J.: 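Below is the structure I would like to discuss, written out as C-alpha coordinates.
Within every chain, numbering begins at 1; the chains are lettered A, B, ... in the order of the sequence lines, protein sequences first and strands thereafter. Values in this document were obtained by computation on a predicted structure and should not be read as measured data.
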Amino acid sequence: MRLSKLFTKTRKDAPTDETAKNAQLLIKAGFIHKEMAGVYAYLPLGFKVLENIKQIVREEMSAVGGHELIMTAIQRKELWEKTDRWDDAKVDVWFKSTLKNGTDIGFGWSHEEPITDMMRNYLSSYRDLPAYVHQFQTKLRNELRSKSGIMRGREFVMNDMYSYSVSEEAHKAFYDKATVAYLRVFERVGLGDITFLTFASGGAFTQFSHEFQTITAAGEDTVYLSRKKKLAINEEVLSDEVLAHLDISRDELEEVKTAEVGNIFSFGATKSEQLDLYFVDEDGTRKPVILGSYGLGVTRLMGVIVECFADDKGMVWPDNIAPALVYLARIGDIPAVASAADELYDQLTGKGISVLYDDRDVRPGEKFADADLMGIPYRLVVSEKTISSGQYELKKRIEDSPKLLDKENLIKVLGA
RNA sequence: CGGGGUGUGGCGCAGUCUGGUAGCGCGGGCGGUUUGGGACCGUCAGGUCGAAGGUUCGAAUCCUUUCACCCCGACCA
(Lines give C-alpha, C1' and ligand atoms only; values in the text may rest on other atoms or scores of the structure.)
Protein backbone atom coordinates (compact mmCIF):
# COMPACT_ATOMS: atom_id res chain seq x y z
CA MET A 1 0.00 0.00 0.00
CA ARG A 2 1.27 3.43 -0.95
CA LEU A 3 0.93 5.94 1.86
CA SER A 4 0.37 8.72 -0.65
CA LYS A 5 -2.86 6.99 -1.65
CA LEU A 6 -4.07 6.25 1.87
CA PHE A 7 -6.69 8.67 3.14
CA THR A 8 -5.82 8.34 6.82
CA LYS A 9 -3.01 10.36 8.29
CA THR A 10 -1.09 10.45 11.53
CA ARG A 11 -1.47 13.18 14.13
CA LYS A 12 1.01 14.83 16.41
CA ASP A 13 -1.47 15.35 19.21
CA ALA A 14 -3.52 12.65 20.82
CA PRO A 15 -7.15 13.45 21.56
CA THR A 16 -7.53 14.53 25.17
CA ASP A 17 -10.81 12.73 25.67
CA GLU A 18 -8.90 9.45 25.60
CA THR A 19 -6.55 8.52 28.38
CA ALA A 20 -6.07 4.87 27.50
CA LYS A 21 -2.73 4.33 25.80
CA ASN A 22 -4.21 1.96 23.23
CA ALA A 23 -6.84 4.45 22.07
CA GLN A 24 -4.42 7.37 22.00
CA LEU A 25 -1.88 5.55 19.87
CA LEU A 26 -4.40 3.89 17.58
CA ILE A 27 -6.11 7.23 16.93
CA LYS A 28 -2.83 9.13 16.50
CA ALA A 29 -1.67 6.58 13.96
CA GLY A 30 -4.99 6.59 12.10
CA PHE A 31 -5.87 2.96 12.90
CA ILE A 32 -9.27 3.64 14.46
CA HIS A 33 -11.90 6.36 14.58
CA LYS A 34 -13.98 7.04 17.65
CA GLU A 35 -17.63 7.31 16.79
CA MET A 36 -18.79 7.71 20.39
CA ALA A 37 -17.89 6.46 23.85
CA GLY A 38 -16.95 2.81 23.59
CA VAL A 39 -17.72 2.65 19.86
CA TYR A 40 -14.86 2.64 17.38
CA ALA A 41 -14.53 2.25 13.63
CA TYR A 42 -11.56 0.33 12.26
CA LEU A 43 -9.75 2.24 9.51
CA PRO A 44 -7.66 0.48 6.85
CA LEU A 45 -4.53 -0.04 8.95
CA GLY A 46 -6.47 -1.02 12.08
CA PHE A 47 -8.74 -3.22 10.02
CA LYS A 48 -5.70 -5.06 8.67
CA VAL A 49 -4.46 -5.77 12.19
CA LEU A 50 -7.90 -7.00 13.20
CA GLU A 51 -8.09 -9.28 10.18
CA ASN A 52 -4.62 -10.65 10.90
CA ILE A 53 -5.62 -11.51 14.46
CA LYS A 54 -8.84 -13.08 13.23
CA GLN A 55 -6.92 -15.21 10.76
CA ILE A 56 -4.74 -16.63 13.53
CA VAL A 57 -7.81 -17.38 15.64
CA ARG A 58 -9.55 -18.90 12.63
CA GLU A 59 -6.64 -21.24 11.98
CA GLU A 60 -6.56 -22.44 15.57
CA MET A 61 -10.33 -22.92 15.72
CA SER A 62 -10.22 -24.86 12.50
CA ALA A 63 -7.36 -27.00 13.84
CA VAL A 64 -9.57 -28.32 16.64
CA GLY A 65 -12.49 -28.93 14.30
CA GLY A 66 -14.36 -25.65 14.57
CA HIS A 67 -16.63 -24.68 11.70
CA GLU A 68 -17.03 -20.98 11.08
CA LEU A 69 -20.44 -19.42 10.64
CA ILE A 70 -22.12 -16.16 11.47
CA MET A 71 -25.22 -15.70 13.57
CA THR A 72 -27.55 -12.72 13.57
CA ALA A 73 -27.24 -9.55 15.58
CA ILE A 74 -31.01 -9.35 16.02
CA GLN A 75 -32.34 -11.91 18.48
CA ARG A 76 -35.72 -13.18 19.67
CA LYS A 77 -37.03 -12.34 23.09
CA GLU A 78 -38.71 -15.76 23.62
CA LEU A 79 -35.40 -17.55 23.45
CA TRP A 80 -33.90 -15.51 26.22
CA GLU A 81 -37.03 -15.84 28.31
CA LYS A 82 -36.61 -19.61 28.21
CA THR A 83 -33.30 -19.27 30.01
CA ASP A 84 -34.51 -16.36 32.14
CA ARG A 85 -31.96 -13.91 30.77
CA TRP A 86 -34.24 -11.41 29.00
CA ASP A 87 -35.04 -9.35 32.09
CA ASP A 88 -32.81 -6.27 32.49
CA ALA A 89 -32.52 -7.18 36.16
CA LYS A 90 -30.81 -10.43 35.11
CA VAL A 91 -28.72 -9.09 32.24
CA ASP A 92 -28.02 -5.39 32.50
CA VAL A 93 -26.20 -4.88 29.19
CA TRP A 94 -29.11 -5.48 26.81
CA PHE A 95 -29.80 -3.22 23.87
CA LYS A 96 -33.44 -3.82 22.99
CA SER A 97 -35.83 -2.55 20.36
CA THR A 98 -39.22 -3.26 18.84
CA LEU A 99 -40.18 -4.21 15.32
CA LYS A 100 -42.79 -2.10 13.49
CA ASN A 101 -45.32 -4.85 14.21
CA GLY A 102 -44.70 -4.60 17.94
CA THR A 103 -42.42 -7.63 18.37
CA ASP A 104 -39.73 -7.19 20.99
CA ILE A 105 -36.18 -7.95 19.88
CA GLY A 106 -32.75 -7.80 21.46
CA PHE A 107 -29.35 -7.03 19.97
CA GLY A 108 -26.86 -9.80 20.59
CA TRP A 109 -24.60 -9.29 23.58
CA SER A 110 -23.96 -13.07 23.48
CA HIS A 111 -25.06 -15.89 21.17
CA GLU A 112 -25.31 -18.95 23.39
CA GLU A 113 -29.09 -19.04 23.31
CA PRO A 114 -29.73 -18.48 19.59
CA ILE A 115 -26.93 -20.74 18.42
CA THR A 116 -28.01 -23.56 20.74
CA ASP A 117 -31.62 -23.14 19.67
CA MET A 118 -30.55 -23.22 16.03
CA MET A 119 -28.59 -26.42 16.57
CA ARG A 120 -31.86 -28.21 17.43
CA ASN A 121 -32.45 -28.27 13.69
CA TYR A 122 -29.30 -30.26 13.04
CA LEU A 123 -28.43 -32.34 16.09
CA SER A 124 -30.77 -35.22 16.77
CA SER A 125 -28.59 -38.33 16.95
CA TYR A 126 -25.29 -39.30 18.53
CA ARG A 127 -24.17 -39.64 14.90
CA ASP A 128 -24.47 -35.83 14.58
CA LEU A 129 -22.13 -35.23 17.50
CA PRO A 130 -19.80 -33.75 18.39
CA ALA A 131 -20.28 -30.39 16.67
CA TYR A 132 -18.00 -27.42 17.08
CA VAL A 133 -18.93 -24.02 15.68
CA HIS A 134 -17.48 -20.56 15.99
CA GLN A 135 -17.98 -17.07 14.65
CA PHE A 136 -16.54 -13.58 14.66
CA GLN A 137 -19.40 -11.38 15.71
CA THR A 138 -19.87 -7.80 16.70
CA LYS A 139 -21.32 -7.96 20.20
CA LEU A 140 -23.45 -5.08 21.42
CA ARG A 141 -23.44 -4.37 25.12
CA ASN A 142 -25.05 -1.41 26.80
CA GLU A 143 -22.28 -0.87 29.32
CA LEU A 144 -22.96 1.72 31.99
CA ARG A 145 -19.49 3.02 31.47
CA SER A 146 -17.13 2.02 28.74
CA LYS A 147 -13.47 2.71 29.25
CA SER A 148 -9.93 1.78 28.37
CA GLY A 149 -10.29 2.55 24.66
CA ILE A 150 -10.96 -0.54 22.57
CA MET A 151 -10.44 -2.78 25.60
CA ARG A 152 -13.98 -2.30 26.83
CA GLY A 153 -16.41 -1.08 24.22
CA ARG A 154 -20.15 -1.08 23.79
CA GLU A 155 -19.58 -2.63 20.40
CA PHE A 156 -16.73 -5.08 19.96
CA VAL A 157 -15.67 -8.11 17.97
CA MET A 158 -15.58 -11.47 19.70
CA ASN A 159 -14.67 -14.92 18.55
CA ASP A 160 -17.11 -17.25 20.23
CA MET A 161 -16.92 -20.99 19.83
CA TYR A 162 -19.49 -23.49 21.07
CA SER A 163 -19.05 -27.21 21.54
CA TYR A 164 -21.83 -29.80 21.50
CA SER A 165 -20.85 -33.16 22.96
CA VAL A 166 -22.52 -36.48 23.79
CA SER A 167 -21.18 -36.75 27.33
CA GLU A 168 -19.30 -34.97 30.09
CA GLU A 169 -16.21 -37.05 29.27
CA ALA A 170 -16.32 -36.11 25.60
CA HIS A 171 -16.92 -32.51 26.54
CA LYS A 172 -14.02 -32.44 28.96
CA ALA A 173 -11.66 -33.78 26.31
CA PHE A 174 -12.67 -31.07 23.91
CA TYR A 175 -12.59 -28.38 26.58
CA ASP A 176 -8.94 -29.20 27.15
CA LYS A 177 -8.24 -29.07 23.41
CA ALA A 178 -9.98 -25.72 23.13
CA THR A 179 -7.93 -24.43 26.04
CA VAL A 180 -4.74 -25.36 24.24
CA ALA A 181 -6.04 -23.81 21.02
CA TYR A 182 -6.61 -20.50 22.77
CA LEU A 183 -3.23 -20.65 24.47
CA ARG A 184 -1.73 -21.14 21.02
CA VAL A 185 -3.50 -18.01 19.79
CA PHE A 186 -2.00 -15.95 22.61
CA GLU A 187 1.37 -17.52 21.94
CA ARG A 188 1.18 -16.63 18.25
CA VAL A 189 0.27 -12.99 18.86
CA GLY A 190 3.26 -12.64 21.16
CA LEU A 191 1.49 -12.70 24.52
CA GLY A 192 2.34 -16.29 25.43
CA ASP A 193 4.72 -15.43 28.25
CA ILE A 194 2.35 -13.07 30.01
CA THR A 195 -1.00 -14.78 29.45
CA PHE A 196 -2.21 -17.32 31.98
CA LEU A 197 -5.04 -19.76 32.26
CA THR A 198 -6.92 -18.52 35.30
CA PHE A 199 -9.49 -20.03 37.61
CA ALA A 200 -12.54 -17.79 37.81
CA SER A 201 -16.11 -17.92 38.95
CA GLY A 202 -18.30 -20.28 37.00
CA GLY A 203 -21.56 -18.42 37.25
CA ALA A 204 -24.74 -20.40 37.60
CA PHE A 205 -23.63 -23.58 35.90
CA THR A 206 -20.31 -24.82 37.22
CA GLN A 207 -18.02 -24.18 40.11
CA PHE A 208 -15.30 -22.65 37.94
CA SER A 209 -14.80 -21.21 34.56
CA HIS A 210 -11.42 -20.49 33.07
CA GLU A 211 -10.24 -17.12 31.96
CA PHE A 212 -7.21 -16.20 29.93
CA GLN A 213 -5.61 -13.26 31.68
CA THR A 214 -2.80 -11.16 30.25
CA ILE A 215 -0.57 -9.19 32.58
CA THR A 216 -0.87 -5.47 31.89
CA ALA A 217 -1.20 -2.37 34.03
CA ALA A 218 -4.09 -1.36 31.76
CA GLY A 219 -6.14 -4.36 32.90
CA GLU A 220 -9.19 -4.30 35.13
CA ASP A 221 -8.71 -7.61 36.91
CA THR A 222 -6.48 -8.78 39.70
CA VAL A 223 -5.21 -12.32 39.72
CA TYR A 224 -2.92 -14.36 41.94
CA LEU A 225 -0.28 -16.02 39.90
CA SER A 226 2.35 -18.72 40.05
CA ARG A 227 4.62 -18.27 37.04
CA LYS A 228 6.43 -21.47 37.91
CA LYS A 229 3.28 -23.59 37.87
CA LYS A 230 1.70 -21.57 35.06
CA LEU A 231 -1.40 -21.23 37.18
CA ALA A 232 -3.48 -18.24 38.18
CA ILE A 233 -6.53 -17.56 40.33
CA ASN A 234 -8.84 -14.62 39.87
CA GLU A 235 -9.14 -12.68 43.13
CA GLU A 236 -12.91 -13.06 42.99
CA VAL A 237 -12.63 -16.79 43.73
CA LEU A 238 -9.51 -16.84 45.90
CA SER A 239 -10.23 -18.77 49.09
CA ASP A 240 -8.67 -21.44 51.29
CA GLU A 241 -10.98 -23.95 49.70
CA VAL A 242 -9.82 -23.05 46.21
CA LEU A 243 -6.17 -23.05 47.22
CA ALA A 244 -6.61 -26.54 48.68
CA HIS A 245 -8.47 -27.71 45.58
CA LEU A 246 -5.56 -26.54 43.39
CA ASP A 247 -2.98 -27.79 45.84
CA ILE A 248 -1.12 -24.52 46.06
CA SER A 249 -0.35 -22.19 48.95
CA ARG A 250 -1.00 -18.48 49.14
CA ASP A 251 2.67 -17.50 49.46
CA GLU A 252 3.54 -19.15 46.16
CA LEU A 253 1.31 -16.59 44.47
CA GLU A 254 2.08 -13.06 43.32
CA GLU A 255 -0.61 -10.43 42.83
CA VAL A 256 -0.76 -8.97 39.31
CA LYS A 257 -3.01 -6.63 37.32
CA THR A 258 -4.43 -8.31 34.22
CA ALA A 259 -6.80 -7.95 31.31
CA GLU A 260 -9.19 -10.78 30.51
CA VAL A 261 -8.64 -11.76 26.88
CA GLY A 262 -10.68 -14.95 26.90
CA ASN A 263 -13.19 -16.87 28.97
CA ILE A 264 -14.34 -20.45 28.60
CA PHE A 265 -17.27 -22.23 30.26
CA SER A 266 -18.79 -25.62 30.71
CA PHE A 267 -22.57 -25.43 30.70
CA GLY A 268 -23.15 -29.10 31.25
CA ALA A 269 -26.70 -30.06 30.32
CA THR A 270 -28.36 -27.04 31.85
CA LYS A 271 -28.78 -24.84 28.82
CA SER A 272 -29.67 -27.75 26.56
CA GLU A 273 -32.43 -28.72 28.95
CA GLN A 274 -33.73 -25.16 29.08
CA LEU A 275 -33.70 -24.84 25.30
CA ASP A 276 -34.74 -28.41 24.58
CA LEU A 277 -31.63 -29.57 22.75
CA TYR A 278 -31.68 -33.37 23.06
CA PHE A 279 -30.23 -36.21 21.02
CA VAL A 280 -30.86 -39.94 20.86
CA ASP A 281 -27.86 -41.94 22.01
CA GLU A 282 -26.60 -45.28 20.69
CA ASP A 283 -28.67 -47.12 23.25
CA GLY A 284 -31.85 -45.37 22.12
CA THR A 285 -32.20 -43.10 25.14
CA ARG A 286 -32.87 -39.38 24.85
CA LYS A 287 -30.18 -37.18 26.44
CA PRO A 288 -29.38 -33.48 26.66
CA VAL A 289 -26.40 -32.29 24.62
CA ILE A 290 -23.44 -31.17 26.74
CA LEU A 291 -22.51 -27.60 25.91
CA GLY A 292 -19.33 -25.58 26.20
CA SER A 293 -18.69 -21.95 25.33
CA TYR A 294 -15.36 -20.37 24.46
CA GLY A 295 -15.03 -16.60 24.02
CA LEU A 296 -12.08 -14.51 22.94
CA GLY A 297 -12.33 -10.72 22.64
CA VAL A 298 -10.64 -9.99 19.33
CA THR A 299 -10.75 -6.19 19.53
CA ARG A 300 -9.81 -6.26 23.19
CA LEU A 301 -6.86 -8.50 22.33
CA MET A 302 -5.75 -5.89 19.79
CA GLY A 303 -5.89 -3.23 22.51
CA VAL A 304 -3.97 -5.40 24.95
CA ILE A 305 -1.25 -6.01 22.37
CA VAL A 306 -0.86 -2.25 21.93
CA GLU A 307 -0.69 -1.77 25.69
CA CYS A 308 1.86 -4.52 26.23
CA PHE A 309 4.33 -3.68 23.48
CA ALA A 310 4.16 0.08 22.91
CA ASP A 311 7.11 2.27 23.80
CA ASP A 312 7.59 6.05 23.95
CA LYS A 313 7.72 6.28 20.15
CA GLY A 314 4.51 4.44 19.45
CA MET A 315 3.12 1.00 18.85
CA VAL A 316 5.13 -2.18 18.29
CA TRP A 317 3.31 -4.94 16.40
CA PRO A 318 4.45 -8.56 16.26
CA ASP A 319 5.38 -9.49 12.67
CA ASN A 320 2.37 -11.70 12.06
CA ILE A 321 -0.31 -9.17 12.96
CA ALA A 322 1.28 -5.89 11.89
CA PRO A 323 -0.62 -4.01 9.17
CA ALA A 324 2.50 -4.57 7.05
CA LEU A 325 5.83 -6.26 7.66
CA VAL A 326 7.91 -3.49 6.08
CA TYR A 327 7.77 0.29 6.11
CA LEU A 328 9.57 1.37 2.96
CA ALA A 329 10.74 4.95 3.37
CA ARG A 330 11.91 6.75 0.31
CA ILE A 331 14.31 9.53 1.29
CA GLY A 332 14.72 12.33 -1.18
CA ASP A 333 12.72 12.86 -4.31
CA ILE A 334 15.25 12.60 -7.11
CA PRO A 335 14.15 10.33 -10.00
CA ALA A 336 16.83 7.69 -9.34
CA VAL A 337 15.64 7.20 -5.76
CA ALA A 338 11.99 7.22 -6.75
CA SER A 339 12.45 4.58 -9.43
CA ALA A 340 14.67 2.41 -7.21
CA ALA A 341 12.09 2.54 -4.42
CA ASP A 342 9.23 1.85 -6.82
CA GLU A 343 11.09 -1.14 -8.19
CA LEU A 344 11.88 -2.51 -4.72
CA TYR A 345 8.27 -2.06 -3.67
CA ASP A 346 7.08 -4.06 -6.66
CA GLN A 347 9.63 -6.81 -6.04
CA LEU A 348 8.84 -7.22 -2.37
CA THR A 349 5.09 -7.18 -2.82
CA GLY A 350 5.54 -9.60 -5.73
CA LYS A 351 7.16 -12.01 -3.29
CA GLY A 352 4.20 -11.74 -0.94
CA ILE A 353 5.84 -9.41 1.55
CA SER A 354 3.42 -6.79 2.82
CA VAL A 355 4.85 -3.31 2.43
CA LEU A 356 3.68 0.12 3.50
CA TYR A 357 5.41 2.32 0.96
CA ASP A 358 5.99 5.87 2.16
CA ASP A 359 6.18 7.59 -1.20
CA ARG A 360 5.03 10.92 0.19
CA ASP A 361 7.00 14.09 -0.43
CA VAL A 362 7.71 14.79 3.22
CA ARG A 363 10.91 15.11 5.20
CA PRO A 364 12.76 12.03 6.48
CA GLY A 365 12.06 12.77 10.13
CA GLU A 366 8.35 12.63 9.53
CA LYS A 367 8.61 9.28 7.76
CA PHE A 368 10.71 7.78 10.55
CA ALA A 369 8.37 9.11 13.20
CA ASP A 370 5.36 7.64 11.40
CA ALA A 371 7.09 4.29 10.90
CA ASP A 372 7.74 4.15 14.64
CA LEU A 373 4.26 5.36 15.61
CA MET A 374 2.57 2.76 13.41
CA GLY A 375 4.79 0.07 14.86
CA ILE A 376 5.73 -1.59 11.58
CA PRO A 377 8.29 -4.35 12.37
CA TYR A 378 10.89 -3.39 9.75
CA ARG A 379 11.87 0.00 8.37
CA LEU A 380 13.55 -0.13 4.98
CA VAL A 381 15.23 2.99 3.59
CA VAL A 382 16.02 3.79 -0.01
CA SER A 383 18.02 6.99 -0.52
CA GLU A 384 20.84 8.39 -2.62
CA LYS A 385 23.28 6.90 -0.12
CA THR A 386 21.87 3.42 -0.27
CA ILE A 387 21.68 3.50 -4.05
CA SER A 388 25.31 4.54 -4.43
CA SER A 389 26.41 1.80 -2.02
CA GLY A 390 24.28 -0.75 -3.82
CA GLN A 391 22.71 -1.77 -0.53
CA TYR A 392 19.54 -1.29 1.44
CA GLU A 393 19.17 -0.01 4.96
CA LEU A 394 17.00 -2.16 7.20
CA LYS A 395 16.13 -1.42 10.82
CA LYS A 396 13.90 -3.38 13.15
CA ARG A 397 11.34 -1.38 15.06
CA ILE A 398 12.63 -2.74 18.35
CA GLU A 399 16.31 -2.11 17.59
CA ASP A 400 18.20 1.15 17.55
CA SER A 401 20.62 0.83 14.69
CA PRO A 402 20.12 -0.18 11.08
CA LYS A 403 21.94 -2.79 9.02
CA LEU A 404 23.06 -2.47 5.42
CA LEU A 405 22.10 -5.44 3.26
CA ASP A 406 22.25 -6.32 -0.38
CA LYS A 407 19.05 -7.33 -2.06
CA GLU A 408 19.55 -11.06 -1.71
CA ASN A 409 20.12 -10.85 2.04
CA LEU A 410 17.35 -8.32 2.42
CA ILE A 411 14.84 -10.71 0.93
CA LYS A 412 16.23 -13.54 3.01
CA VAL A 413 15.85 -11.55 6.24
CA LEU A 414 12.30 -10.61 5.32
CA GLY A 415 11.55 -14.27 4.94
CA ALA A 416 10.57 -14.63 1.31
C1' C B 1 -25.89 4.64 38.71
C1' G B 2 -22.99 8.06 42.72
C1' G B 3 -18.83 11.71 42.83
C1' G B 4 -15.52 15.03 40.01
C1' G B 5 -14.01 17.48 35.46
C1' U B 6 -14.48 19.24 30.30
C1' G B 7 -17.18 21.01 25.63
C1' U B 8 -14.32 27.36 21.42
C1' G B 9 -12.24 25.85 12.92
C1' G B 10 -10.07 18.77 11.25
C1' C B 11 -6.58 18.26 16.04
C1' G B 12 -4.36 20.60 20.68
C1' C B 13 -5.49 25.01 23.42
C1' A B 14 -6.14 30.55 25.30
C1' G B 15 -10.15 33.89 26.12
C1' U B 16 -15.21 32.99 30.61
C1' C B 17 -13.88 35.22 37.12
C1' U B 18 -14.37 41.34 35.53
C1' G B 19 -20.21 40.94 29.01
C1' G B 20 -18.39 45.05 23.88
C1' U B 21 -19.22 40.58 18.61
C1' A B 22 -13.12 35.32 18.66
C1' G B 23 -7.27 34.35 19.01
C1' C B 24 -2.70 31.04 19.07
C1' G B 25 -0.10 26.43 17.67
C1' C B 26 -0.61 21.99 14.61
C1' G B 27 -3.02 20.46 10.20
C1' G B 28 -4.95 22.24 5.00
C1' G B 29 -4.42 25.50 -0.03
C1' C B 30 -1.02 28.56 -2.99
C1' G B 31 4.23 30.59 -3.91
C1' G B 32 9.29 30.00 -2.57
C1' U B 33 13.76 28.12 0.12
C1' U B 34 14.75 23.18 2.07
C1' U B 35 15.50 17.41 2.43
C1' G B 36 18.75 11.16 7.02
C1' G B 37 14.68 12.02 13.05
C1' G B 38 8.18 15.58 12.89
C1' A B 39 12.27 22.37 8.59
C1' C B 40 11.46 27.64 7.39
C1' C B 41 9.50 32.39 5.03
C1' G B 42 5.26 34.72 2.81
C1' U B 43 0.15 34.32 1.83
C1' C B 44 -4.94 32.40 1.88
C1' A B 45 -9.16 29.55 3.52
C1' G B 46 -11.71 27.61 7.66
C1' G B 47 -15.36 28.63 13.85
C1' U B 48 -22.78 32.09 14.55
C1' C B 49 -17.79 29.32 20.89
C1' G B 50 -22.08 21.46 22.24
C1' A B 51 -27.67 22.55 22.00
C1' A B 52 -32.20 25.18 23.55
C1' G B 53 -34.32 29.02 26.28
C1' G B 54 -33.63 33.50 29.31
C1' U B 55 -31.28 38.37 31.21
C1' U B 56 -29.07 42.66 28.55
C1' C B 57 -28.52 48.06 24.01
C1' G B 58 -24.97 44.00 23.44
C1' A B 59 -23.53 37.03 25.59
C1' A B 60 -18.09 32.27 24.16
C1' U B 61 -18.44 35.07 28.92
C1' C B 62 -24.19 35.84 33.40
C1' C B 63 -28.87 32.53 34.60
C1' U B 64 -31.98 27.99 33.55
C1' U B 65 -32.58 23.44 31.10
C1' U B 66 -30.44 19.77 28.21
C1' C B 67 -26.89 16.72 25.34
C1' A B 68 -22.07 14.75 24.83
C1' C B 69 -17.13 13.37 26.37
C1' C B 70 -13.32 12.05 30.15
C1' C B 71 -11.68 10.45 35.12
C1' C B 72 -12.66 7.87 40.11
C1' G B 73 -16.06 4.44 42.19
C1' A B 74 -19.98 0.78 41.65
C1' C B 75 -21.08 -2.82 37.77
C1' C B 76 -18.88 -6.50 34.32
C1' A B 77 -20.50 -14.69 31.20
J.: Between A/Tyr42 and A/His33, is any side-chain donor less than 3.5 angstrom from a side-chain acceptor?
T.: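 No, A/His33 and A/Tyr42 have no side-chain donor paired with an acceptor closer than 3.5 Å.
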
J.: Please tell me which of the listed nucleotides, B/G37, B/G12, B/A77, lies nearest to the side chain of A/Pro15?
T.: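 So the nucleotide nearest the side chain must be B/G12.
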
J.: Would you indicate which nucleotide in B/G37, B/A77, B/C11 comes nearest to any side-chain atom of A/Asp13?
T.: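 Selected nucleotide: B/C11.
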
J.: For nucleotides 41-46 of chain B, print each protein N/O atom paired with a nucleotide N/O atom at under 3.5 Å, atom names and distance only.
T.:
none

J.: For A/Asp400 and B/G37, what is the distance between atoms CG and C1' respectively, to the nearest whole Å?
T.: 13 Å

J.: Choose from B/G36, B/G38, B/A77 the nucleotide whose nearest atom is closest to any side-chain atom of A/Glu393.
T.: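 Closest nucleotide among those given: B/G36.
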
J.: Establish, with yes or no, whether the OP1 or OP2 oxygen of B/A39 is under 4.0 angstrom from a side-chain nitrogen or oxygen of A/Arg363.
T.: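 So the side chain of A/Arg363 is within the cut-off, an N or O lying under 4.0 Å from OP1 or OP2 of B/A39.
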
J.: Checking all strands, does A/Thr386 fall into the base, sugar-phosphate, or nothing category for heavy-atom contacts under 4.0 angstrom?
T.: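 Base, at least one base atom sits under 4.0 Å.
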
J.: Under 3.5 Å, side-chain donor or acceptor atoms of residues 312-326 of chain A against the rest of the protein: list the pairs with distances, not counting sequence neighbours.
T.:
from     : atom 1 : to       : atom 2 : distance (Å)
A/Trp317 : NE1    : A/Met374 : O      : 3.2
A/Asn320 : ND2    : A/Arg188 : O      : 2.7

J.: Please check the phosphate of B/G36 (OP1 and OP2 only) for any side-chain N or O of A/Lys367 closer than 4.0 Å.
T.: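 So the side-chain polar atoms of A/Lys367 never come under 4.0 Å of the phosphate oxygens OP1 or OP2 of B/G36.
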
J.: Suppose we screen for side-chain hydrogen bond (donor to acceptor under 3.5 Å, both in side chains). Which residues come up paired with A/Arg330, at least two apart in sequence or across chains?
T.: A/Asp333, A/Tyr357

J.: Between A/Leu275 and A/Thr83, is there a side-chain heavy-atom distance shorter than 4.5 Å?
T.: yes

J.: Distance alone, cut at 3.5 Å: any donor-acceptor contact between the side chains of A/Thr258 and A/Gln213?
T.: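 Present: a donor and an acceptor within the cut-off.
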
J.: Looking for any heavy atom pair under 4.0 Å, which part of the strands does A/Glu143 touch: base, sugar-phosphate only, or nothing?
T.: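 If one applies the 4.0 Å heavy-atom cut-off, A/Glu143 turns out to touch nothing in the nucleic acid.
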
J.: On RNA chain B, compare the nucleotides closest to A/Asp361 and A/Lys12; which residue's is nearer the 5' end?
T.: A/Asp361

J.: So, using ring-ring contact (aromatic ring centres under 6.0 Å, His included) as the criterion, who are the partners of A/Phe196 when residues are at least two apart?
T.: none

J.: Is the closest side-chain donor-acceptor distance between A/Thr222 and A/Lys257 under 3.5 Å?
T.: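 The answer is yes; a qualifying pair exists.
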
J.: Identify the pairs formed between an N or O of the protein and an N or O of nucleotides 67-74 of chain B at a distance under 3.5 Å, and give each distance.
T.:
from  : atom 1 : to       : atom 2 : distance (Å)
B/C69 : OP1    : A/Ala37  : N      : 3.1
B/C69 : O3'    : A/Lys34  : NZ     : 3.2
B/C69 : O2'    : A/Asp17  : OD2    : 3.3
B/C70 : OP1    : A/Lys34  : NZ     : 2.7
B/C71 : OP1    : A/Thr19  : OG1    : 2.9
B/C72 : OP2    : A/Arg145 : NH2    : 2.7
B/G73 : N7     : A/Arg145 : NH1    : 3.3

J.: Can you give the donor-acceptor pairs under 3.5 Å from side chains of residues 407-416 of chain A to other protein atoms, not counting sequence neighbours?
T.:
from     : atom 1 : to       : atom 2 : distance (Å)
A/Lys407 : NZ     : A/Gln347 : OE1    : 2.7
A/Asn409 : ND2    : A/Asp406 : OD1    : 3.3

